[in-house]
Amino acid sequence: MDKTYQPEQIESRWYERWEADNRFAPSGQGEPFSIMIPPPNVTGSLHMGHAFQDTIMDTLTRWRRMQGRNTLWQVGTDHAGIATQMLVERKVAAEEGKSRHDLGREAFIDKVWEWKHESGGHITRQLRRMGASVDWSRERFTMDDGFYQAVQEVFVRLYEEDLIYRGKRLVNWDPTLHTAISDLEVENRDQQGQFWHFRYPLADGATTEAGRDHLVVATTRPETLLGDSAVAVNPEDPRYASLVGKFVTLPLVGRRIPIVADEHADMDKGSGCVKITPAHDFNDYEVGKRQGLPLINVFSRDAAILEAAEAFDLQGRPLDDVDPSLPAAYAGLGRFEARERIVADMEAAGLLEQVETVSNTLPYGDRSGDVIEPLLTDQWFVAVEELAKPAIAAVENGDIEFVPRNYENMYFAWMRELQDWCISRQLWWGHRIPAWYDASGNVYVARTAEEARAKHGLSDDIVLTQDEDVLDTWFSSGLWTFGTLGWPEQTEALKTFHPSSVLVTGFDIIFFWVARMIMLTLKFTGEVPFKQVYVHGLVRDGQGHKMSKSKGNVLDPIDLIDGIDLDSLVEKRTGNMMQPQKAKAIAKATRGEFPEGIEPHGTDALRYTFLSQATTGRDIKFDMGRLDGYRNFCNKLWNASRYVLMNAEGQDCGAEGGEVELSLADRWIVSQLQQTAAQITRALEEYRFDHASQALYDFVWNEYCDWYLELSKPVLWDDAASEAAKRGTRRTLVRVLEAVLRLAHPMMPYITEEIWQRVAPLAGPLSQTGGDSIMVQPWPVADEGRVDEDATRDIEWLKGVIVAVRNIRAEMNIAPGKPLEVLLTKGSEADRARLAANRLFLSKLAKLERIDWLADPDQAPLAATQLVGDMEVLVPMAGLIDKDAELARLAKEIDKQDKLIGGIEKKLGNESFVAKAPEAVVQKERDKLADFAATRKVLVEQRDKIAAL
RNA sequence: AGGACCAUAGCUCAGUUGGUUAGAGCGCCACGUUGACAUCGUGGAGGUCGGCGGUUCAAAUCCGCCUGGUCCUACCA
């Protein structure tokens, strides 16, 4: 083995091997365990969130597989409608200077597929780099044939049950992308805006109570004035009671619109009058519904002013009794330009009463970045009320459990106020809606055009045109857990692996995806999609900021694995920016943070860092320091293995039998291993990956390496040690390491496989279940019978003595290598026996020339002293003691004991404590008091002795 | 406006049902290359657990209020 751990040399090799050997496919035996990967965008690339999430899923998958479960990690990618279409549109524009409309629908879709084939392998290659043990033979895509079938089936069946309907509704319209988007795709941003107060003249000579001939309404959106269909006042408002039922003349337009009474109008705000524009505002739409007002649309699909308004009733039918004329001056103007003109014209007409500056929030499309416009359009909707009920119940009754629990509240809150889901998108890339129209606009929903004809008895000469729209991406990904398993066919896979065991996802996706999966899956399979949802936080940068291209703080997981030089990193962060003016600052910050670029760390170290930071219900600040630390940990494991191999390879490790004698250290480390196995298993069961990684780290570094390997040296290197003892120590070295590798494998798959290949043969014949890969070895099960408390106590004692001597060396400035003479005294018979049994260990680890028991403490020479329990460890130091320094140290120690003693005495002096606390707690305090007092006594004696010099 | 979560060492974080001498890693200080490892070893310094109040024999832990931070939902005529 190389002296230093070099991940790049082992990682790709092992992944290819595992894949070639089909190690990722379900075994077909044991209790099923399945995870469905949240499908990443097929043309995307792996970001830190993916890497984090994939690490968690892979750890669970490898662990369960080793436990003997029939394990499937289902992989696949999402077609991601808007994101992919935009990407390809940009590409086509850049390369060919054409828009998608220049190409036409069919040619454009071809381009998207081309791009998918070209770049779709990128993210799956990256997934492989992460070590993800997904079953590639079952890889799926949300637009593959199987999904096509599933989507058609679901749509048609929901339609047949009236759970899907089509209608003219107010939706969030993206004027740049020319499509409806869902509430969830709208991002609200705070802005400074203006608030214009306009006068609307009362018609027919009416006046207010105060005698004015106009009402005052205020708006942040003057351009929607053209579509007003009423002014509302509060029904309780005495100021306007007499005007309800009368009219105002809409300025600039001249339309007579009614004054209505509606609770939406707040008497305390502004004048108490509100303009009502049902076709351009969600609240007004509700008012319109209550008041039976016409919907007057004045915007085109580009959010420009129409030549003439379009008026509809609430069912979406055109209305002829509303005068559609609009002032010609505004026709074709964009909404913001129209706003300026209208404000100017109102002012010119003397109708602008006041302009305020206010802070308000505006809706932006999260993809286009354009301001979203509520717009009246024909769309398809899922009626969610009936679907939501069982979906809520499934979480309430525990069929689905969120980890951590508190996300259930978030889920309930959202599910209970669910609006119907607009599923149609005016895009080209996606699942076409299975609806056909005849020449007169009748709609036929069926799986295919043929089925539509058959079902409705339409002859072949009737021309049917398919709906132009596609479905929201989340409609198909909502079928992910069962669609990937072959539904609507009742496949073996579906029977075996559905419901899936756990969904691993970010909280930001609960509404988009988790909730909809639960609804659709329950509806179509009668089963929950998953039994548990493990919700993780967002991966942020070291300062806690969200990683984003525009902030220039993005880390690429692959760069952390392979390393990247500074210039490339700067180029990556500043190249191709939306706001190039930021490039300089980003370059500077990057050069400051990574003066040497980023070193290679390897996949295992990256995975370990994620796991150790994966604490529940909280975002993680990615810590480069920890990444370095865990790379070092890999190196530690690597070198410990080198030591084991150097001492075991070609030696008798007891695999072939032969007499075996186990040392205290052997029994102790085996005992500790049992506890570590139990801890890690429990931590994984509880999704506490941080605890699992911590337990392993502690065991490997602080116990196995720091103590056990050192304790093995005296046995292996001492000619006096018996062959049985050496065999026992070699066997323990090898077996414990082999078990550690298995415990570590789900977290750090590569290094463990690499080392295991060399260590496992030394541990004995490969197990029955396993083949020649650690991946298929059994998960270590803690054996209570091998927990050895005596050995643990003895080793604690041994450590105590060794640390005491090291302490004295440090304090007295004695070179670490200088051989010392040590005396032990004042201890019990047990201490004396321990000395006799561990003379060799003590001498080697503490670098002692000799160590003896001093029966009569009064004979003790002048010495530096440390305590181990009641026992004193003496390093005779005639003439070498720095009197003042030692007195100061002792004074400090005594002071510390005094504080401890004082605290306990106070407690024990409190009668209610003694009376009310459990006896065990009181006794514990008494024991501690005795200990501290004894320690203090020794310290005082020492002090007096030195003071007397 | 409503809700959620967070606040523990310089930094990133653990701390199970209240009882620990409040922990880890990184960083820092001192010392150290004998054959696993300087991506290392040994020893050490460093915390009034955000503040105030309450419950309790006992609070980092439970409750209330306050401050600071993050996020979600809603509203903004």
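So you know, we letter chains A, B, ... as the sequences are listed, proteins then strands, and number each from 1. The basis for the numbers below is simple: all heavy atoms, side chains too, and nothing from hydrogens, waters or symmetry mates.
Test A:Val715, A:Leu709, A:Leu762 against A:Leu733 for side chain to side chain contact (heavy atoms under 4.5 Å, CB included) and you get one pass: A:Leu709.
Nucleotides B:rC13 and B:rG18 are separated by 22 Å at their C1' atoms, to the nearest Å. Here the separation of B:rA7 from B:rA60, taken at their C1' atoms, is 12 Å to the nearest Å. Rounded to whole Å, the separation between the C1' atoms of B:rG64 and B:rU12 comes to 31 Å. Spacing of C1' atoms, B:rC26 relative to B:rU39, comes out at 13 Å, to the nearest Å. Here the separation of B:rG23 from B:rG15, taken at their P atoms, is 15 Å to the nearest Å. Here, B:rU67 and B:rG50 have their C1' atoms 8 Å apart, quoted to the whole Å. The same atom, P, is picked in B:rG46 and in B:rG3; the two are 43 Å apart, to the nearest Å. Only the C1' atoms considered, B:rC52 is 50 Å distant from B:rA38, to the nearest whole Å.
In the set B:rA38, B:rU21, B:rA36, the nucleotide with an atom closest to the side chain of A:Lys636 is B:rA36. Closest to the A:Ala810 side chain, of the nucleotides B:rA4, B:rC37, B:rG43, is B:rG43. Among the nucleotides B:rC57, B:rA4, B:rG15, the one closest to any side-chain atom of A:Asn406 is B:rA4. You'll find that the side chain of A:Trp701 is closest to B:rG41, out of B:rG41, B:rC57, B:rC13. Residue A:Phe507 has its side chain nearest to B:rC71 when only B:rA14, B:rC71, B:rG19 are considered. Closest to the A:Arg642 side chain, of the nucleotides B:rA36, B:rG19, B:rA14, is B:rA36. You'll find that the side chain of A:Lys924 is closest to B:rU20, out of B:rU12, B:rU20, B:rA36. In this structure, the nucleotide among B:rA36, B:rC13, B:rC57 sitting nearest to the side chain of A:Lys621 is B:rC13. Nearest to the side-chain atoms of A:Glu925 among the listed nucleotides B:rU20, B:rC37, B:rC5 stands B:rU20. Between B:rA45, B:rG25, B:rU21, one nucleotide has an atom nearer to the side chain of A:Tyr697 than all others, and that is B:rG25.
A:Lys3 comes within 4.0 angstrom of sugar-phosphate atoms only, judged by non-hydrogen atoms across all strands, and of no base. Backbone-only contact: A:Arg540 has heavy atoms under 4.0 Å from sugar-phosphate atoms and none from a base. Across all strands, A:Asn283 comes closer than 4.0 Å only to sugar-phosphate atoms, never to a base (heavy-atom distances). Within the nucleic acid shown, A:Gln613 comes within 4.0 Å of sugar-phosphate atoms alone, with no base atom in reach, counting heavy atoms only. Residue contacts shown for A:Leu709 include a base, since a base heavy atom lies under 4.0 Å away. When heavy atoms are screened at a 4.0 angstrom cut-off, A:Lys275 is found touching the sugar-phosphate backbone but no base atom. Within 4.0 Å (heavy atoms only), A:Trp196 reaches no atom of the nucleic acid at all. Using a 4.0 Å heavy-atom distance criterion, A:Val921 is classed as a base contact. Among the heavy atoms of the strands, none lies under 4.0 Å from A:Tyr630. Among the heavy atoms of the strands lying under 4.0 Å from A:Arg688 are primed sugar atoms or P, OP1, OP2 only; no base atom is included. Residue A:Ala265 is in base contact, counting any heavy-atom pair closer than 4.0 Å across all strands shown. Here A:Thr4 lies in heavy-atom contact (under 4.0 Å) with a base. Residue-level contact check: A:Ser612 touches neither bases nor backbone, having no heavy atom under 4.0 Å from any strand. Residue A:Lys844 is classed as having no contact, given no heavy-atom separation below 4.0 Å to the nucleic acid.
Among residues two or more places apart in sequence or in another chain, the ring-ring contact (aromatic ring centres under 6.0 Å, His included) test is passed with A:Tyr697 by A:Tyr630, A:Phe633, A:Trp701.
The base of B:rU34 is paired with the side chain of A:Lys847 by a donor and an acceptor separated by under 3.5 Å. Interface remark: the A:Arg806 side chain does not form any donor-acceptor pair with the B:rU42 base, using a distance-only criterion of under 3.5 Å. Counting atom types as modelled, A:Glu811 pairs no side-chain N or O with a base atom of B:rA30 as donor and acceptor under 3.5 Å.
Distance, A:Met646 CE to B:rC37 P: 7 Å, rounded to whole Å. In this structure, A:Asp931 places its CG atom 11 Å from P of B:rU21, rounding to the nearest Å. Protein atom CD1 of A:Ile808 is 12 Å distant from nucleotide atom P of B:rG44, rounded to whole Å. In this structure, OH of A:Tyr407 is placed 11 Å from P of B:rC72, rounded to the nearest angstrom. If you measure from atom CZ of A:Phe511 to atom C1' of B:rC72, you get 7 Å, rounded to the nearest angstrom. Put simply, NZ on A:Lys896 is 14 Å from P on B:rG47, counting in whole angstrom units. Taking atom CG of A:Asp927 as the reference point, atom P of B:rG19 lies 18 Å away to the nearest angstrom. Rounded to whole Å, atom P of B:rG23 lies 19 Å from atom CG of A:Asp690.
A donor atom on one side chain and an acceptor atom on the other are not found under 3.5 Å apart for A:Asn632 and A:Asp628. Checking A:Gln613 against A:Asp623 by side-chain atom types alone, no donor-acceptor pair falls below 3.5 Å. Side chain to side chain, A:Gln679 and A:His691 fail the donor-acceptor criterion of an N or O pair below 3.5 Å. In this structure, a donor-acceptor pair under 3.5 Å is present between the side chains of A:Ser912 and A:Asn910. Using modelled atom types, one finds a donor on one side chain and an acceptor on the other under 3.5 Å when comparing A:Thr277 with A:Asp228.
Between B:rC40 and A:Asn632, a contact under 4.0 Å exists linking OP1 or OP2 to a side-chain N or O. Listed pair A:Thr615 / B:rA14 meets the phosphate criterion, a side-chain N or O lying under 4.0 Å from OP1 or OP2.
Nearest-nucleotide positions on RNA chain B for A:Asn807 and A:Asn635 put A:Asn635 closer to the 5' end. Nearer the 5' end of RNA chain B, as judged by each residue's closest nucleotide, is the contact made by A:Leu900, out of A:Leu900 and A:Trp707.
With salt bridges taken as basic N to acidic carboxylate O contacts below 4.0 Å, none links A:Lys799 and A:Glu703. Note on A:Glu925 versus A:Lys928: salt bridge recorded, some NZ/NE/NH1/NH2 to OD/OE distance being below 4.0 Å.
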In dot-bracket notation, what is the pairing pattern of RNA chain B, taking Watson-Crick (N1-N3 plus N6-O4 or O6-N4) and G-U wobble (N1-O2 and O6-N3) contacts under 3.5 Å, with [ ] crossing and | for other strands? (((((((..((((.....[...)))).(((((.......))))).....(((((..]....))))))))))))....
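Here the side chain of A:His601 pairs a donor or acceptor atom with the backbone of A:Leu560 at under 3.5 angstrom. At distances below 3.5 Å, at least one donor-acceptor pair connects side-chain atoms of A:Glu185 with backbone N or O atoms of A:Ser182.
Looking only at side-chain heavy atoms (C-beta outward), A:Val805 and A:Lys847 stay at 4.5 Å or farther from each other.
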